[in-house]
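Notes for the one structure printed next.
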2 protein chains.
Amino acid sequence: MTDQTKDVPFSFGIDVSNATLEHYDNHIKRHLSEMAGQYQDQEVYDALLTQEDVLLYEVYETQRPEVAGELLNGLSVVHPGKIGDEYFMTKGHFHAVLETAEVYYCLKGEGVMVMETPEGDWVVEEMRPGRVLCVPPRWAHRSVNTSANEDLVFFFVYPGHSGHDYGAIEKTGFRKLVVERDGKPVIIDNPRWHASRG
Amino acid sequence: MTDQTKDVPFSFGIDVSNATLEHYDNHIKRHLSEMAGQYQDQEVYDALLTQEDVLLYEVYETQRPEVAGELLNGLSVVHPGKIGDEYFMTKGHFHAVLETAEVYYCLKGEGVMVMETPEGDWVVEEMRPGRVLCVPPRWAHRSVNTSANEDLVFFFVYPGHSGHDYGAIEKTGFRKLVVERDGKPVIIDNPRWHASRG
């Protein structure tokens with residue numbers, strides 16, 4: 001990679017124990033304040049926010065042209081914690097170009113991927129180190145860290161032309177929530193999701 | 001993944017120590033006899049072939065529709081060994097749709113990826129466990145196992161519409177060869193590549 005004017009192959013290490021990439025172009029940090037309306041327990045959310053704008057998750061991205069044929073990739077790190085009984089999670093989104101897939105390789109931690117289609121189908125898949133998760137086109141995706149004390153760390157790859165559509169999710173959230181009951185993660189209906197479509 | 005009629009998300013483990021996937025649709029095995037003309041030392045190649053049609057490498061694939069927006073992925077396993085002083089390697093190819101990328105995550109072993117463009121640019125990148133390799137569109141790619149006794153194992157992802165073009169590579173090979181000199185991998189010119197374009 002000596003000639004920077006050419007579009008040449010390049011490689012970089014994933015530092016799993018420190019949950020970062022050896023090389024990256026963007027580092028996105030999502031704090032509690034950026035998740036307004038996403039957590040069920042509004043009182044706890046507001047109370048926590050007056051104390052500290054906690055860092056919920058981070059994304060390290062390698063920049064590539066956002067066109068078909070290219071592959072965007074990077075590392076997601078969801079920190080452990082809860083807002084009430086609801087685990088720390090990513091905002092989640094559809095791809096703007098709905099007919100685009102995503103592939104994940106989980107490197108560390110314990111969690112789930114919550115997914116749904118615009119038609120209302122839903123799936124929740126476990127994420128464990130050493131596992132690949134294939135998300136076909138049309139499925140919105142949100143990762144949830146269900147560990148009490150460990151980061152959820154995974155590598156992602158998606159088509160360059162996918163884009164992001166947060167709009168639908170920001171309005172009503174995902175159809176399913178992942179909450180802690182008796183120390184274990186449980187999938188429950190999101191009452192707000194139903195209401196919005198009622 | 002209970003309803004098989006729907007195109008739903010799914011996950012599977014990568015068994016790194018046994019170099020296989022927990023779930024796969026295709027298992028491709030490439031033997032010495034399928035690499036005719038690819039190794040420099042034709043005499044050694046012929047002699048070895050009379051003894052045993054050695055298994056050089058294996059690919060485990062998860063089947064997905066071969067269209068833009070989809071992501072094809074799987075596991076490559078290049079076994080250790082040499083034909084003369086040239087290491088075991090994959091056949092290598094361009095993508096039929098030249099403007100498509102590929103992303104690798106190396107899980108085990110020691111090796112290199114040999115890459116070149118139709119214009120004659122070339123790059124050789126090291127592959128080590130925990131490293132990501134990004135191959136931009138237009139670059140042919142061949143993996144080479146430079147370890148004396150360990151498999152080279154890596155996970156790959158590429159766009160669904162990429163296709164494969166082995167033609168150009170089968171005729172003249174890659175521009176560069178990776179051979180052992182004094183116990184170490186060294187990059188040398190492929191004399192046959194020059195001759196074919198002379």
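Predicted, not measured: the structure shown is a model, and the values here were computed from it. Letters A, B, ... mirror the listed sequences (proteins, then strands); counts begin at 1.
A distance of 8.5 Å separates CG in B/D7 from CH2 in A/W139, rounded to the nearest 0.5 Å.
Residue A/Y104 does not touch chain B at all, counting heavy-atom pairs closer than 4.5 Å. For B/H161, the part lying near chain A is the side chain, with the backbone staying farther off; criterion is any non-hydrogen pair under 4.5 Å. Neither the backbone nor the side chain of A/L21 comes within less than 4.5 Å of any heavy atom in chain B. With a 4.5 Å cut-off on non-hydrogen atoms, B/F155 touches chain A through its side chain but not through its backbone.
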**Request:** I would like to know whether A/Y105 and B/I14 meet side chain to side chain contact (heavy atoms under 4.5 Å, CB included); could you show each step before the answer?
**Result:** CA-CA 9 Å; A/Y105 181 64; B/I14 300 182; 3.4 Å; yes

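Using a 4.5 Å cut-off between non-hydrogen atoms, the part of residues 58-87 of chain B that approaches chain A consists of B/R64, B/A68, B/G69, B/E70, B/L71, B/N73.
The number of heavy atoms from other shown groups lying within 6.0 Å of CD (B/E43) does not exceed 12.
No chain of hydrophobic side-chain contacts below 4.5 Å, direct or via other Ile, Leu, Val, Met, Phe, Trp or Tyr residues, connects A/Y39 to A/V179. When the side chains of ILVMFWY residues are joined at heavy-atom separations under 4.5 Å, either directly or via intervening members, A/I28 and A/M89 end up in a single hydrophobic cluster. Cluster membership check: B/L152 shares its hydrophobic cluster with B/F88, using side-chain heavy-atom separations under 4.5 Å among Ile, Leu, Val, Met, Phe, Trp and Tyr. Hydrophobic cluster membership is shared by A/F174 and A/M115, with clusters built from Ile, Leu, Val, Met, Phe, Trp and Tyr side chains linked at under 4.5 angstrom. By the rule that hydrophobic residues join a cluster once side-chain heavy atoms approach within less than 4.5 Å of another member, A/I187 and A/V135 end up as members of one cluster.
Comparing A/V103, A/L107, A/T117 by heavy-atom pairs within less than 4.5 Å of chain B, the highest count is held by A/V103. With chain A as the partner, the residue from B/G130, B/C134, B/S162 showing the most heavy-atom pairs under 4.5 Å is B/C134. By number of non-hydrogen pairs under 4.5 angstrom with chain A, the leading residue of B/L133, B/V157, B/V132 is B/V132.
Considering every non-hydrogen atom in both A/S11 and B/R131, the closest pair reads OG-NH2, 3.2 Å.
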